[in-house]
Number of protein chains: 2
Amino acid sequence: MAATPPRRRADAERNIEGILAAARDLFSRGLNPSMIEIAQAAGIGRVTLYSHFPSREVLLEAVIERAMTETDEALTGLRLEEASPPDALARLVRTSWSVLDRHRRLHSVAVTVLGPEGLRRQHDRAFQHVDRLIARGQADGAFRGDLPRRWLVTTCYALIHAAADEVEEGQLAAADVPEVLTATLLSSLTRT
Amino acid sequence: MAATPPRRRADAERNIEGILAAARDLFSRGLNPSMIEIAQAAGIGRVTLYSHFPSREVLLEAVIERAMTETDEALTGLRLEEASPPDALARLVRTSWSVLDRHRRLHSVAVTVLGPEGLRRQHDRAFQHVDRLIARGQADGAFRGDLPRRWLVTTCYALIHAAADEVEEGQLAAADVPEVLTATLLSSLTRT
């Protein structure tokens, strides 16, 4: 394979960044844009767009992957391992919610395009933080041991997304979600 | 409007019953059948099928509506109002789960065709039982009053469907669901 000249490689990287930023912006505004609209917003031609992303689905996956990487970094920055499991859960909920709330519409599109399983795979990296926290809480007795860890992680996953749907339908105020979710999850994770 | 002769009306009703039964059977086996396949399974012609159900989506909605009516009747038969809120919750979970487990694949198709909101509307009638139970539990202090009733109903809704997804993915045994769900929901509905 011939090496790509540095200048062309830098152009390509700039284009990819521009495409991902434009696509994320459009999807996050709930617009469900066509490839042509994304190319226009990124200020590039359709041929260039398709050379990097052969389909809307591939592009959407890349947008979601980028968002998940940022979420992963934000959650790593919380140093959850230094807090008690209940405090760590409250922090984790607050940060995860602020990310999900910003991407709520992107999330709705993603459910439709990737299906529930595809989406869960995309979320796996972020939910490893939840998994580690629940493992630690179960080990030190802060969280219940009578239910499988995987199910408790699923409970967190299901309820944060249920909260996003409720906000979308105007049934819950976005600002109330961290408190409501933390209260619900702390109870779920503790044996009555 | 001319009155339909009784004989023709009886034929039409028999056809509708046959179509709904055949469609439910095919959808419940996860087959995502075409209209032609449904007509064949019901032993009627395509024209007759379309005269009753103009589209696959309309037919699927009718199948789901029928299943929800049966669920509603089953839940009414439980006489939940005669048990304490925690006992009533355990009964309600057991019966709802057995219905959902039987219709798991129908449910997966329904998510795709109706979307999450359309599906939730279809479930509303069954979830009125949950709503009434939570209202009673909040009033008599058995369930928490620090979170809105609507959110607690949503929690039940989200977790029973999360359990169905886990079973579908082989992460949870169907037989374990009633116990796991009841334990999780009782904690969620109780203040820690």
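Throughout, protein chains are lettered first and strands after them, A, B, ... in sequence-line order, and every chain is numbered starting at 1.
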Task: Greatest number of heavy atom pairs closer than 4.5 Å to chain B - which of A:T184, A:D176, A:D146 - done: A:T184
- [ ] Any chance you could measure B:R14, atom CZ, to B:E17, atom CD, to the nearest 0.5 Å?
- [x] 10.5 Å
TODO: Please flag which part of A:L159 lies under 4.5 Å from any non-hydrogen atom of chain B: side chain, backbone, both or neither.
DONE: both
Open item on the list: Go through it in stages, so that I can follow the logic: the residues are A:M35 and A:R46, the test is side-chain contact (heavy atoms from CB on, under 4.5 Å), and I'd like the CA-CA distance, side-chain angles, deciding distance and then a yes or no.
Closed with: CA-CA 8 Å; A:M35 288 295 264; A:R46 266 185 69 200; 5.9 Å; no
Task: Reported NE2-to-CD1 distance for the pair A:H129 and A:I134, which is rounded to 0.5 angstrom - done: 13.5 Å
Open item on the list: For the interface with chain A, which of B:R191, B:H161, B:R144 has the highest count of heavy-atom pairs at distances below 4.5 Å?
Closed with: B:R144
TODO: With a 4.5 angstrom heavy-atom cut-off, could you sort out which part of B:E169 is near chain A: side chain, backbone, both or neither?
DONE: side chain
Task: Spatial distance of atom NE2 (A:H52) from atom CD1 (A:I16) [nearest 0.5 Å] - done: 5.0 Å
Open item on the list: Other residues, nucleotides and ligands only: do more than 12 of their heavy atoms fall within 6.0 Å of CZ on A:R105?
Closed with: no
Task: Option in A:L185, A:T190, A:V180 with maximal non-hydrogen atom pairs under 4.5 Å from chain B - done: A:V180
